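Here is the structure we will look at.
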Protein chains: 2
Amino acid sequence: MSGGNPAISQTAIRCLEVLQAVSDHGRANSRKGLALKDVVEKTGFNSSTAYRYLQTLEQYGLLQKDASGLYKLGLKVVELYHAFTDGNDLRQVAYEHMLALSKETEETVYLGILDGLEVFYIERVDSPLPIRPHTQIGGRNKLYCTGLGKAILSQRPDLLNRIIDVGLEPLTANTITDPERLIAQLQECQVRGFALDDMENESEVRCVAAPLFNERRQVTAALSISGPASRMPIDRLVDDLGPKVQVTAQHISKMLGYIDA
Amino acid sequence: MSGGNPAISQTAIRCLEVLQAVSDHGRANSRKGLALKDVVEKTGFNSSTAYRYLQTLEQYGLLQKDASGLYKLGLKVVELYHAFTDGNDLRQVAYEHMLALSKETEETVYLGILDGLEVFYIERVDSPLPIRPHTQIGGRNKLYCTGLGKAILSQRPDLLNRIIDVGLEPLTANTITDPERLIAQLQECQVRGFALDDMENESEVRCVAAPLFNERRQVTAALSISGPASRMPIDRLVDDLGPKVQVTAQHISKMLGYIDA
DNA sequence: GCAAGCCGTTTCATTTATTGAAATACGAGT
DNA sequence: ACTCGTATTTCAATAAATGAAACGGCTTGC
């Protein structure tokens, strides 16, 4: 190869591309796994090579063959996930508070963390009600048009310019695309203590979110309550749910070692 | 290298060994991550090599650096886990039943699947009570001395000889090490429909478990209720909890497409 | 019942990326 | 400023990855 970073293993990365292909497939088409030929198609690798990678991943347990001999994600994934959560204070302490908050409000509660210029959804507690949002854990969304994102952004002026430079792409009719308006709203959110998302990321979904502070008073995560617009009139968000997320977020922040000024 | 399977990528496997080292460390010592030198120590790789692997895993998102620059598991792990659960009917279907069962009994409910000659713990719903078992999700246990294992084994005579050949190592004073007794108990379990674990895997923990049947009438998974011996006298297990796990297991089996004879 | 075709698997000479010793850069502690 | 312990980069030697081709098994069609 030519330019690539020399401190990266080509072979290992290609192998992980195979893993990704299988993972992506699971998400999209669910049900059945991928055959060797599918992996060859998706990745463009030579079939011997793809074969070897599949064998390797299977041996390690990241992949396994399903009943029909197709490859799908393996048990090692579960093992790694639980090792991850064991070492992840934030998720640990937040989870029980999220359960309580969801129970109290009967709505879906999300925990998101800052990852680059996006929010990464790290945990969710579902609403008991039949109609509820379906954002994927393990997925990502923009900072400027989600409750979680704006809650984080309101405390992280350092990110604001980068976000605006990249551009505010509208995702729904309500997405804020005017930088001035975004800035104004973030200031409002800073004062009030929680952020609103009025169908800016997905139509029919509204959301309130509050930032989480760690022991160094930094914000890299937020908590939100989210639900169908029909159950979420703006005044319920502002008067009822907003204060509730905020209080819960404060509790969690305290557990994380944040000391109120 | 000399003998190794030629259909396995050495490089990729070595890279995954580094991932494992970081993962293992997280479990054992929690808190902080691993430095390059630690990885070098643990794996014995040359530092340039280990460095390249760490870079590779970090770039892919399986690892990330924590605040102090040490490596820990990254967000890709969460992404993969949720792709895994999306494509995993069993866990999906079982989970809500597990929630209900845990709520009703106020005890911890486990879901385990057969993996080789062990049970792999795939999901858990914790008891609300303060004293509760702590078996790790993503971990493994023996078939012959756990409720889950015996529930599976009672329906899988094909595995029995292999288990006995390997040997019944005692893990507690109560572990059954006599093959005859084990066989007798499995038959009893087959008749009654659920298996008991009377502190055979861990002292102070008792458990009842029932097998889960899939659409092809095979058993590769089981459901259990488990708790401290103090709250779990044998007659509660037999008269109350046992029938409850069994009924729940039957519901789940039905959802999985199992048709009762 | 035979042939053709498709896919997974193995082989092996060629090519390429990996390797590791050593040089270098960095940073904390003194 | 110097030292020590790490992290990072360099580069020639080398071991491992690659891919074309051959093989084998299984299904499909005639």
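Remember, predicted model here, so these are calculated numbers, not experimental data. Side-chain atoms are counted along with the backbone in the values below, which use heavy atoms only and exclude waters and symmetry mates.
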Margin query: Let me spell it out: for each of B/Asn46 and A/Leu70, pick the nucleotide of DNA chain C with the closest heavy atom. Which residue's pick is nearer the 5' end?
Written below: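 The residue mapped nearer the 5' terminus is A/Leu70.
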Next item on the list: Could you check A/Leu36 against A/Ala12 and say which one's nearest nucleotide on DNA chain C is further toward the 5' end?
Entry: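 By nearest-heavy-atom nucleotide position, the 5'-most residue is A/Leu36.
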Note to self: Counting only side-chain nitrogens and oxygens, does A/Arg52 get under 4.0 Å of the OP1 or OP2 atom of D/dA17?
What the structure shows: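 No.
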[X] [atom1] to [N] [atom2]: how many Å, rounded?
| X | N | atom1 | atom2 | value |
| --- | --- | --- | --- | --- |
| B/Gln55 | D/dT8 | CD | P | 6 Å |
| A/Phe45 | C/dG8 | CZ | P | 17 Å |
| B/Arg14 | D/dA16 | CZ | P | 6 Å |
| B/Asp38 | D/dG5 | CG | P | 15 Å |
| B/Leu34 | D/dT6 | CG | C1' | 15 Å |

Check: Of the nucleotides C/dA21, D/dG19, D/dT9, which one has an atom closest to the side chain of B/Tyr51?
Finding: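 Per side-chain heavy atoms of B/Tyr51, the pick is D/dT9.
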Check: Any idea which of D/dT8, C/dT10, C/dT19 is nearest the B/Thr49 side chain?
Finding: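 When the side chain of B/Thr49 is considered, C/dT19 is the closest of D/dT8, C/dT10, C/dT19.
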Next item on the list: Give a yes-or-no answer on whether the side chains of B/Gln20 and A/Tyr60 include a donor-acceptor pair shorter than 3.5 Å.
Entry: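 Yes, because at least one side-chain N or O of B/Gln20 sits under 3.5 Å from a partner of the opposite role on A/Tyr60.
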Note to self: Ring of A/Tyr121, cation from A/Arg124 - is the NZ or CZ under 6.0 Å from the centre and inside 45° of the axis?
What the structure shows: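 The answer is no; the distance or angle limit is not met.
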Notebook entry, point to check: With a non-hydrogen cut-off below 4.0 angstrom, is A/Tyr53 in contact with a base, only sugar-phosphate, or nothing?
Noted result: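 It contacts sugar-phosphate atoms only.
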Check: Touch check for B/Thr11, heavy atoms < 4.0 angstrom, all strands: base, sugar-phosphate only, or nothing?
Finding: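 Sugar-phosphate, backbone atoms only, no base.
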Notebook entry, point to check: B/Pro179 pairs by side chain to side chain contact (heavy atoms under 4.5 Å, CB included) with which of B/Leu160, B/Asn161, B/Ile164, B/Ile163?
Noted result: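 The residue from B/Leu160, B/Asn161, B/Ile164, B/Ile163 that satisfies side chain to side chain contact (heavy atoms under 4.5 Å, CB included) with B/Pro179 turns out to be B/Ile164.
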Check: If you take atom types as modelled and just measure distance, does the side chain of A/Ser48 reach the base of D/dA20 with a donor-acceptor pair under 3.5 Å?
Finding: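 Check passes, donor-acceptor contact within cut-off.
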Notebook entry, point to check: Quick one: the side chain of A/Ser9 and the base of C/dA17, do they pair up donor-acceptor inside 3.5 Å?
Noted result: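 In this structure, the two groups form no donor-acceptor pair.
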Checklist line | Aromatic ring pairing A/Tyr53/A/Phe45, orientation class (parallel under 30°, perpendicular over 60°, tilted between) | finding: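 Plane angle over 60°, so perpendicular.
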